[in-house]
Each structure stands twice: as C-alpha cells, then as structure tokens.
Amino acid sequence: MLIPLAHLPRPPPLTASAIFRPRAPRLLASLSLATPPPPLLAASAFASLPLRALLSESQREVEMVGESEGRPLRVGLVCGGPSPERGISLNSARSVLDHIQGEDLLVTCYYIDCGMNAYSISPAQLYSNTPSDFDFKLESLAQGFQSLFDFAQHLAANVDIVFPVIHGKFGEDGGIQELLEKANVPFVGTPSKNCLLAFDKYNASLELNAQGFLTVPNFLVEKDKLAKSKLEEWFQSINLDKENGKVVVKPTSAGSSIGVVVAYGVNDAAEKAEGIISEGIDDKVIIEVFLEGGTEFTAIVVDVGTANNSEPVVLLPTEVELQSSSNIDIQEDTIFNYRRKYLPTRQVAYHTPPRFPSEVIDCIRQGVSILFRCLGLRDFARIDGWFLPTPVTSLPSAENTGKFGNTKYGAVLFTDINLMTGMEQTSFLFQQSSKVGFSHSRILRTVVQHACSRYPSLVPCSNAWTALSRKIQAAKQAEAIQKGTSKKKVFVIFGGDTSERQVSLMSGTNVWLNLQGFDDLDVTPCLLTSGNGYSSFHNQNMNGISRDVWTLPYSLVLRHTIEEVNAACIEAIDPERMELTSRLRDQVMNELGQSLSKYDWFAGFDIADKQPIKYSLQQWINHVKEAQAVVFIAVHGGIGEDGTIQSLLGSAGVPYTGPGQIASRTCMDKVATSLAVSHLASYGVHTIPKDLRATEEILKSSPDDIWNDLKAKLQTETVCVKPARDGCSTGVARLCCPKDLEVYANALERKLQRMPANCLSRAHGVIEMPVSPPESLIFEPFIETDEIIISTKSVDDSTRHLVWKGENKWLEVTVGVVGKRGEMLSLNPSITVKESGDILSLEEKFQGGTGINLTPPPSTIMSEEALQKCKSCIETLANALGLEGFSRIDAFVNVQNGEILLIEVNTVPGMTPSTVLIHQALTEKPPIYPHKFFRTLLDLAFARAN
C-alpha cells in the first residue's frame, strides 16, 4: 500500500493567537498548568513585498514610531543545508530556538534541504529527531519557496536579522552570507568573502603562515590531480617515513570532523584522500602531519567591538583530552572524530580552562584574538588548534623561528576556523561562556544584539527591542514584589550507574535547561553517582543509601558523559584548579564587562561562580527537604525506576515527579508488570507470554538445549531476549537460532559494552548491553509487525511515500501518558520507522541517530476509531498500574481494532531534546512546547505535594 505524505497528520498553522488560546482539548484542560509559553512567530505569509533597501522613507518613519514604543526583534532562524552536518544544524537550531525566543524576540524558522530548496517551517518541526525524519515530513508540513532568490526577498521583507545556523557547505563557506548580502538582509556572523577564505583549511593555513603564525605542514590533493611522486617528495621534505609516516587526511571544506581519518605512509594517505573525494565529501583534501604527543584545544571568541571595529574577546579555552579504548580488541587512533564530538563516549574528556601552563593559555587567547581580526571575522567564532609540549621533527625549526606560537613550554598551532560553531545544549560555546558568567540565553542574545549593532539600518529595531525587554523585565520584577512569594525550589537529579546513565544525563540536562526559563523557579541540577564514584560499575544492586549526589554549578552540567561530569566535579574542587580558573574567569569577565557595558542593551552576566557540593544520598534528601523543594527524577533504570529513590523521598516527605514507589517497582520488573495487568484482556489490553531464566543458567547450559526448551514453551520459532530489569532497548535482541543465543550469552559473559552490528543471524544495528550481566533474562515470542518502508520516489516521480505491506495486523507504538493517579491521559501514539534491524537502537530512541517518527499513525494505517481505542487501552493500562505524573508505554497495537499487546512501561522515560514524548506533546492542539511540557510534569508533582 502506498501512502502519500499528504495523508500524514498536518498540524494547524502556528500563530501567536494559537499559542495563547485557552486550552480546550482534554489534555491540558485536565491539568493545572503554569504560565503560557513565550510567543513564537509562525511562518509569515509569502506576500510579494519590497526589499528592505527599497522601503520608502514614509514607511521607515512609521516603522520607527512603532519601534520607539518598543517592539520585538524579528529573527529568521535558518538551518539545514546540503552538507552531512545538517543533523548537527537541526540540533543547533533547536537549541538556539529554545534559548532566544521570548515575548521580546520572535523567531521564524526556515530550512534548506540537500537540494538547496528553501522552506518556511513551523518551530515545532525543529524537534524532529533526525534529518531523515525531518526531510520525510518536509513536503507535507512546510511551505516551499520557488527559488533561493525568492527566499531572500521574503527574508528582507519579514525579518529584522537572520541567524544562519548552517554548518559546513553553504553555511560556513560564504554561500548563504552572499545570498543575504545581495538581498541587503542583516545577518549574524562573518561576511561572505571572509568565510570563503577562513573555511577552506588549505587557504586558511596559507593565510596563517603569511600572517606569521606557526602552521602544520600540509599537502593539498585535488580531484583527479593526485601525483604520488609529489606526495612522496612532501613526505621526505618533512622527514616522514614514506612507508609508515603518520598523517591526518581530511576534507578542506567540511566541519564536525566528517571524513577525518589517520593514514600511514604515502600509499595509505593517497588511498584515503581519493576515498574522501570519491565519496563526495569534498573535491579537495588536505594531508597534514599527525601531531604526535600534542593536545588539541578549542577556543570560542566573541566580538564586543562597536559597529565594524572588531574587538574580539577570547573565552576560556577547552582542552580536549582523548583517551584510547580500554578494549584491547579494538585498535583506533586518538583523533577527535564525529562520534567523540557529538555522542556519549568515554574516550574524550574536556578541561576548561586547559591544564596547560598559564603562558600557553595566554598565547592561545592572544593568537585567537589576532586571527579573528586578521581574517575579518564577525560576532563570534570557534578556533581549534594544538599545543605541542615537545619539539616535532616535521616542524622545521629554522623556518619557524620567530613565528607566533613559540613558547618556552612548547608550540601552539591553530588549525581550524569554525565560522558557525555548534550550538547543541552541551557544545563548546555554552561550556566556555557559562564559565565566564553567561547562560545559554544570555550569550546567544548578546551575539544577536552585537550583530544588530553592526547594521545602521537596525539601530531603531535594536533600540525598540531593548526598550521592550526592559519593560518586560520591569513588569516581572514588579509582579514578583507584589506577590511577595519566593521562588519554588526544584532539584533535577540524573545519572546513576546503569547502561542508561548517558541518556539520563541528556534527559536531566534538557529538563534543567527548559525549567531554567521560568522566573518563579530556582532549579538545581544534581548528579547521582555510585558510592565509589565511577571506578566500578558492577554494583547495581547496592543499597541506594550508599550513593553520592553532587549539586552542580551551571557549567559542569554541560558534558557528554556522566563520568566526565563526575571527574569535572573532582577537578573543580582541586585548590590549584580553583585558583587558576578563578583568576582566568575574572580576567575574561573584566575584558567582556568593560566593552559590553558601553551598550545599553547589555543586561549583565547571569551565571554565578559556584563550586559543586558532594552529599551522600541521604544527606542530599535532607538538604532537599530543608529547602522545601520538589525533585524532578531523571534517573533511568536502577534505583531511579525500581522504587528506591521514590521510597527514600516519600519517607522524607519530599514530593517528586512520576509514579510512586509501588508502581515504579512493579513496572521495573517486566514479569510483575504483565501479571499486574493480566486481568485486562476484556478491555483490549493483552500481555506477551514470558519465560524468565537466571543469566547463570544461560551461561552454563547448552545453547541447543535452552533453545529447544524455549521454542517448546513459547511456541515460537523466533525469540526476543531482554534483561528483566533494564530499559532503553538495553540488551534487547532478536534470536533466530541456537548460535544466536550462544553469541548473546558470550557477550554477557565477556561483559561487552555493546554487540557489533550484524553479529547475529538476522541483520541488526549495534546493541547496547547492560553495564554488568543482569541477574535474569526474559524470553518472549518475537512479534512480527507490519514493515513500513520509505520509498525514495513515487509513481509520479515527485513525492516520497510510505510503503506498508499490511501482511500482519500489529505495529509497535510508544505512547506517553500524563496526569494524576487514576486520571492518566494518553498522548498520541508514535510509530517509528526503523532504518536498520528489528529492534530500535539507543540512538534511534534518544540521540537523533536514525529513524522516522510518525505521530499519530497515518489514518491510512490506523483508522481514527482504532486510534481512539488504542489510547483508551493505554489509559486503562496506566490507571490499572497506578501510574501518575508521566510515563511511557511501549506496546504492539492491532491496527484493525486498536487493542494492545504490552511490551513494557517506563516510569522515568527519556526526556532528551529528540525524544518521542516531545513529538507527541507537539501534536496536541495547540502544540505543547518542551518548556511547557516539563513545567506541566513539575506542576503535577507540586499538586501531589499539596
């Protein structure tokens, strides 16, 4: 069956009136909610309006009168682009939207696809978790422009300034900048001609060398122009062995470390260079000396000058510590690749400021500042480089004598210029700016305001924005004084030591950042560790009391892994590090303050310099109780979901989010969950037969004997195995034969962190495994579901379709439930179209890796009657289990009658920026944006406390 995209559910156009309209539909009508969210601008009408440059004087006068009384700034947020980095661009744009939108700043969102087609999109679309998900829905949910020229005309007429959050090609090479310049549209960032020079790594290195900087010896390879003899000569000229000399091969015009590889010798380097070109990543490749023994760093620089007089201030640089894999079976080079940059991995740690001598840090900051001016950069940028504490034979000493970068401690080299740095929640921009007093919102708004100040035509707009901002702030302060109430204290706890701990960090960070925006809340992020830190993970059954909790300052939350946060806490209280950080922080803040204080719009710094504080879990609970606070639980698995934390908080009289102790304990045990709802068959709620076995039995018994016994008991040819007490797809696999069972058991016995893709007989992705072998495993019949495929082209060769075979009657869905105990309400179910294998991977669920999300299921797959029956069954199930607050239910749904077959219940579901719960909340009418959604969950906890 072909399902046109036109049949996908289409959200209503998003308007300011829709945002503020009282909540009539049943979900929010049933809940006590906080204040309405800040307004967002919808996609403006595509009227044929004149360019800004052609506005008549009378029109400008009318505009300026309005501005003198204060009006919001209109920002056009542009993301996407043709490069492989568009997934990072979507994440950056979502983060920017979250942190700059408000009553005084209205955001309109736009997207440019791989084919360079421009679209106006709803802000809600930015929360699609993957590029494929986004692109699939684009044709049905977005409004396209006829050409990039028409797009630029639209921007000139409908926004005050553009924030182009496009990484790589077209975003950092001067492409979009030139488009905007020709249309006379103001924008954030560097002019086109300067982007063109700085983004090309080879040309930039030539410019750095001409400006007197130390540079890394390199060799340029162009498409169809590789001469191995010339490459051999280059190897010899810098004293590299032509057989195994170590080099780095990378595209000249790509970011996010895409395509960056290590090579050994001339032949390997040539082969990998040609590979990058043949893959279409770039048509030019640069081969550089591998800086053995060096340490990579990166530094954010912010322009605080007036008009076009650049005055760069470099923030506290970050040292990137790369660590080799602890698995002796895996050999890999320690380079800062794409995965290490953007996904949780224990192979990288960040130190801000670097653990370098002070003179070296000063040299880095001075060099970055000089480069910013030399290259003609604007507003902000990120510059990467290396510190080499020991001499490198491939850096000719005679040639480099007297060049900038030589210090008595070693050499400083600058290698990469990033014109549009990543702006994900935990990116370097926010790590470094939070160290010197800026929140996410404050640094982004400072960058936008500075960009406005560079355009004389925007002076009235900027003044009006400043006036409105002050009015709003004054009104809020007056309201707070009038009410005379103190802020409500909230502690967001995340971490733990299960295989789900990194997802927990992403969830907790996202919740904390979203709740930060509410003026009536005082939100503290907290890290739950094990009693012995993170030196061992084989203690999942420890008593909860033996755990420790860190209360965290703003900057220490912004990390990729729990281990890194914990290490950063220990480092932060080291006396020497405290002294160095404090001194450098004061220095940078003084530089920033002196320049920014000249501007009327600068609102000051908003992040205080605090130290992390360590408590035992019981001490922390006592502290929370004394503060009369509410705890937002974001600890996935382990004591976060088995009722332990809920029991401890409940005993102390501390209110918390989510279900209570009994419901949590029941739902953590998949067998107990099935038994608790086994009586609901007449209501359309069914359970899957289960066979519970001790892991020890599986490891000691013959795979053939176990397999035959399972087939007989479960009456199935294919088995699904999963840990009895884990979630987030951890350890879930499809087994088709005794050999599969043997491979799975071997992975448990060897305590592998993950099983490689396609190591079982049926194709599958990487399977994340439990941190330590679970005590017991559950075996179930594997439920065959209807396969949904995305066709690349339709019969009319223009529109992509869903291809649904409809051979079986079951589809897998995941559904969020929200509400009070006994009154739980179902959000719209979601179907995720998997891009590999039968089991959704951890990345498909939470990290924006792959997959396409359909919320709710298209009517051509499930009728409205079946959909409503499904939601009714989900609510019946939730209320029978005694759920409250919020949870997520995974189930198979019969698409014909809406009845469900329960898979599992997650009482602390994933709350990452790309989680399916966000998608589901955004399909409500009107859409419930993340900050509003998390506030709703918090208000339910407040209501329970009262």
Side-chain angles (χ1 to χ4, degrees), residues 91 95 98-99 343-344 424-427 430-431 434 439-440 489-518 521-530 534 547-569 612-615 617 620-621 624 629-641 644-646 649 654 656-658 664 727-728 842 845-848 885-888 906-915 917-918 930-931 933-935 937-938 941:
N91 293 342
S95 178
D98 282 343
H99 295 294
L343 297 177
E424 295 180 297
Q425 287 181 342
T426 58
S427 66
F430 302 126
Q431 286 185 31
S434 63
S439 65
H440 287 61
K489 294 186 181 295
V490 180
F491 288 77
V492 180
I493 187 167
F494 48 84
D497 54 9
T498 73
S499 56
E500 304 165 65
R501 64 193 183 280
Q502 313 305 0
V503 176
S504 175
L505 174 59
M506 290 189 283
S507 292
T509 301
N510 190 43
V511 170
W512 163 64
L513 286 172
N514 274 280
L515 293 179
Q516 283 269 71
F518 290 93
L521 298 179
D522 179 5
V523 189
T524 301
C526 305
L527 172 70
L528 173 69
T529 76
S530 60
Y534 283 94
R547 311 302 177 95
D548 294 324
V549 178
W550 289 95
T551 55
L552 304 171
Y554 196 111
S555 64
L556 293 193
V557 185
L558 308 178
R559 299 292 191 274
H560 286 104
T561 68
I562 290 296
E563 294 79 14
E564 195 189 340
V565 177
N566 187 68
C569 289
I613 301 175
K614 188 176 184 179
Y615 301 87
L617 180 55
W620 177 78
I621 291 173
V624 172
V630 168
V631 174
F632 199 118
I633 300 174
V635 179
H636 303 313
I639 70 170
E641 288 193 77
T644 301
I645 285 183
Q646 292 79 2
L649 292 172
V654 175
Y656 54 87
T657 56
S664 297
C728 295
L842 193 69
K845 277 191 172 182
F846 301 109
Q847 297 173 12
F886 71 114
S887 294
R888 193 190 80 231
N906 296 273
T907 54
V908 184
M911 293 167 277
T912 65
S914 58
T915 186
L917 290 184
I918 300 299
H931 63 285
F933 179 67
F934 293 125
R935 181 58 193 259
L937 306 183
L938 185 65

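This one's a predicted model, so the numbers in the text were calculated from it and none came from an experiment.
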Glu564 and Gln502 side chains, donor-acceptor separation under 3.5 Å: no
Just by modelled atom types, is the [Y] backbone N or O under 3.5 Å from a matching donor or acceptor in the [X] side chain?
X: Ser504; Y: Ala634; answer: yes
X: Ser95; Y: Asn91; answer: no
X: Glu641; Y: Val635; answer: no

With Asp98 via side chain to side chain donor-acceptor pair (under 3.5 Å) - residues at least two apart: Tyr127
Are any of the side-chain heavy atoms of [X] and [Y] separated by less than 4.5 Å?
X: Arg547; Y: Asp497; answer: yes
X: Leu521; Y: Arg935; answer: yes
X: Leu527; Y: Leu556; answer: no
X: Pro913; Y: Gln425; answer: yes

Glu563/Asn566 under side-chain contact (heavy atoms from CB on, under 4.5 Å): CA gap, chis, key distance, verdict: CA-CA 5 Å; Glu563 294 79 14; Asn566 187 68; 5.8 Å; no
Residue from Trp550, Trp620, Phe632 passing side-chain contact (heavy atoms from CB on, under 4.5 Å) with Cys526: Trp620
Ring pair (Phe, Tyr, Trp, His ring centres under 6.0 Å) partners for Tyr554, two or more places apart: His440, Trp512
Tell me the closest heavy-atom pair linking [X] and [Y], and the distance in Å.
X: Gly638; Y: Thr498; result: N-CG2, 3.5 Å
X: Arg501; Y: Ile562; result: O-CG1, 3.3 Å
X: Ile918; Y: Thr912; result: CG1-O, 4.0 Å

Test log, rule side-chain contact (heavy atoms from CB on, under 4.5 Å), inputs His636 and Ser507: CA-CA 9 Å; His636 303 313; Ser507 292; 2.9 Å; yes
